[in-house]
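Chain letters run A, B, ... following the sequence lines, proteins first, then strands; residues in each count from 1.
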Amino acid sequence: MPPPLPPLAACARSLAELLVVLSAARALPKGQQLHGFLLKGGHLPAIASSHALLSHHLLTFYARCALPELCLRAFLDLPAPPPAAAWSSLISSFAQNGLPAAAFDAFRRMLAAGVPATDRSIPSAAKAVAAAADSLRPPLAPHALHGLASKTPFAEDVFVGSAVLDMYAKCGNLLDARRLFDEMPERNVVSWSALIGGYADAGMHPAALWIFRSALEEAVEVNDFTVSCIVRVCATATLFDLGAQVHARSIKTALDASPFVGSSLVSLYSKCGLVDRAYRIFSAAPERNLGIWNAVLNASAQHGHTATAFERFMEMQNDGFRPNYITFLCLLTACSHAGLVDEGKRYFSLMKEYTIEPQAEHYAAMVDLLGRVGRITEALELIESMPMEPPESVWGALLMACRMFKDADTAAIAAKRLFQTGSRSSGAHMLLSSTYAAAGRHVDAALARKAMRDAGVRKETGLSWLEAAGEVHTFVSNCRRHPRSDEIYNVLEKVGEKMEGAGYVADTSAVVKDVAREEKCETLGYHSERLAIGLGLLIVPEGVPIRVMKNLRVCDDCHNAIKYLSKCTGRVVILRDNRRFHRFEDGLCSCGDFW
DNA sequence: ATAGGGTTAG
C-alpha cells in the first residue's frame, strides 16, 4: 500500500517551486501542463490560501515565455476583484520580462478598474516606460507617470522616487532626473546610482564623475552597482589613473568581487591597452557571469587575440553560460580583425541554433568582415538580404571596404544609402572623397568634399592623446600647443633618422592630390599620434608601454613608422585607434598589418 | 510570503 498522498494544500509550496524552476527554464509545455492540471481538477480554489502564490508564479512563467495573453488569462482566473497586490504582480511580471507594452497596458487597466497606483506598481510602470524609451510610440510620457506618482501618497517614497528618477535618466531626460534628485526628501544609494548611470549613458562623463565624488563626500555607502557604473565611465573615457584609483578603492571595500564590477574593470584595462591586466582580473574573479565572460571575450577580440577569443567561447559554454547577442558580436569582431571569413560565417549561422535573431549590428560586423578581405559584392548581397532597414553602421562598413579596395562605384552607392539614413558623419564624406581620389577620379573627389561643405558637415579633427600621471595630453597634427613641443619635435627627428637608417621610407601615396589645404598640411609627417608618442618617449619611464589613443583610424604610413620606432627605441607602443588595438614591439605590430 | 527601484559585457 503506497502512503496516502498529502492534501493538495500541503503541496502548494512544492507546486510553486516547480513553477519557478519551469519559469527559469522557460519550459512552456511542462508549465502549461501544470497550469491545466490546476485548472481541470478545480484544484486552485481548493487551495485558496495558496491561490495567489501559485497565480503569481504562473504570471511570471507566462511573462518569461513572452506570452502576455496567457499571463492575463491566469490573472483573470483569480477570484474577482483582483487586489492591488495581484495587479502589481502582473505588472512587474511584464516589466521584468521585456514586455513593457503589456506592463503598461496592465497598469492602465488597473487604474481603469479603480485600483489606485501604489508604491509597488508605480516602480514597475516606470520600468516599463524606461524600457520603451527607444520605441517610436512610448506608452506614456515620463512626465505623465511622474505627475501621476506625485498625486499618490507615495510621492515622497524613496523607492518610487528612485524608479521615476531612473526612468527620466533612461529616457535621456537628465535635466528632469537631476531636478527630481535635488528635490527628493530622501535619497539612497539607488537614487545616486541611477543618476550616475544616466550621466554615464548620456556620455556626460564629467557630470557622472562629479556626482560620484559628491556621493563619496556625503558618505553614501556606494555599492557594486555604483562602482561598476563609474568604472564604465573611466573605461569609456579611457581614464586609466582614475579607473585604477576606483579599482584600488573597490578592493578595500571588497566590491571588486562583484562580477559586475569585474566586467567593467576588464573592459577598463582592455580599453586602456593593458590587456594582460584585463586577463588577470578575469582569472582572479571569484564569481563569473555572462557579462564578465563577454567582457574578456571582447578584450581578446579587440586586441587581436583571435585564438584566445575562440577558446573563451568554448570555455564559457563548458561553464554553463548561454551566449547572447553580445557574445556573437564579440566573436564576429574577432573574426573581422583576423580576416577569418569562414569562421565568421559559421558563428553567424550558429546564432540561429541558439535562437538569437541577428541584429543590424551583427550584419554590420559581417559586412565589415567580408569587406576587409575584399569580398565587396558578397557584402552588398548580404545587405540586400537584411530583414531590417540597414542602418548607418552597415553602409559605413561597406564604405570602408570600398576605400580599402578602391571600389569607387560601390562607394557611391554605399554613401548615397548612408546619407539617406540621415547620417551627418564627416567620416563617410571623407571616405567617399578619398575613394574617388584613390581611384584617380579627382573631380568626383573634389565634388564629394564640396557636398560635405554644402551639407554643413565639418571634418572630424584627428586627435591623439596620452595619459600620464593623471594628466591627459591631447595633440592634433603638426600642433605646437604642448609646452614641451620643441623637445617632442627634437626627439621625433632624432628617432626619425635612426628609423630611416633602419630602412623606413615615408609613404607619400597616402597624400591625396586635389585635397583641401588643411588636409595637405596634416599629411606632411607629424600626425597627432606621432606627437603623442614623442611625448611618451620623453615622460613615460623606460620599460613601461607608451599608451596612445586616437579618435580616427591610424594611417598606413604612421602604422609603418611606429613599427620602426618600436624597433629603434626598444619601446612598446600600444595604440588604440577607432577600430582596435595595435601593440608595437621590436618592429612588429600585433595586428599583423591587417586592420 | 505572492508585488517595488539602480549594474556589467557592444
Applying side chain to side chain contact (heavy atoms under 4.5 Å, CB included), name anything that partners [X], two or more places apart in sequence or on another chain.
X	value
Asp368(A)	Ser336(A), Arg372(A), Ala397(A), Arg579(A)
Ala244(A)	Tyr269(A)
Ala360(A)	Met386(A), Met388(A), Pro391(A)
Arg346(A)	Glu343(A)

Take the protein atom [atom1] of [X] and the nucleotide atom [atom2] of [N], then report the distance between them rounded to whole Å.
X	N	atom1	atom2	answer
Gln302(A)	dA9(B)	CD	P	13 Å
Phe313(A)	dA9(B)	CZ	C1'	15 Å
Asn578(A)	dG10(B)	CG	P	16 Å
Arg580(A)	dG10(B)	CZ	P	16 Å
His362(A)	dG10(B)	NE2	C1'	9 Å
Arg576(A)	dG10(B)	CZ	P	12 Å

* Asked: Has Asn298(A) got a side-chain N or O lying under 4.0 Å from the OP1 or OP2 atom of dG10(B)?
  ->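 Checking Asn298(A) against dG10(B): at least one side-chain N or O falls below 4.0 Å of OP1 or OP2.
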
* **Summary of side chain to side chain donor-acceptor pair (under 3.5 Å) pairs that have at least one residue in residues 203-223 of chain A, sequence neighbours excluded** =>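 Side chain to side chain donor-acceptor pair (under 3.5 Å) check on residues 203-223 of chain A returns Asn223(A)-Thr226(A).
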
* Which class fits the ring pair Phe310(A) and Tyr347(A): parallel under 30°, tilted 30 to 60°, perpendicular over 60°? ->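 Ring orientation, 0 to 90° scale: tilted.
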
* Quick one, give me the B/S/- string for nucleotides 2-7 of chain B, reading 5' to 3', where B means a protein heavy atom under 4.0 Å from the base and S means that only happens at the primed atoms, P, OP1 or OP2. => SBBBBB

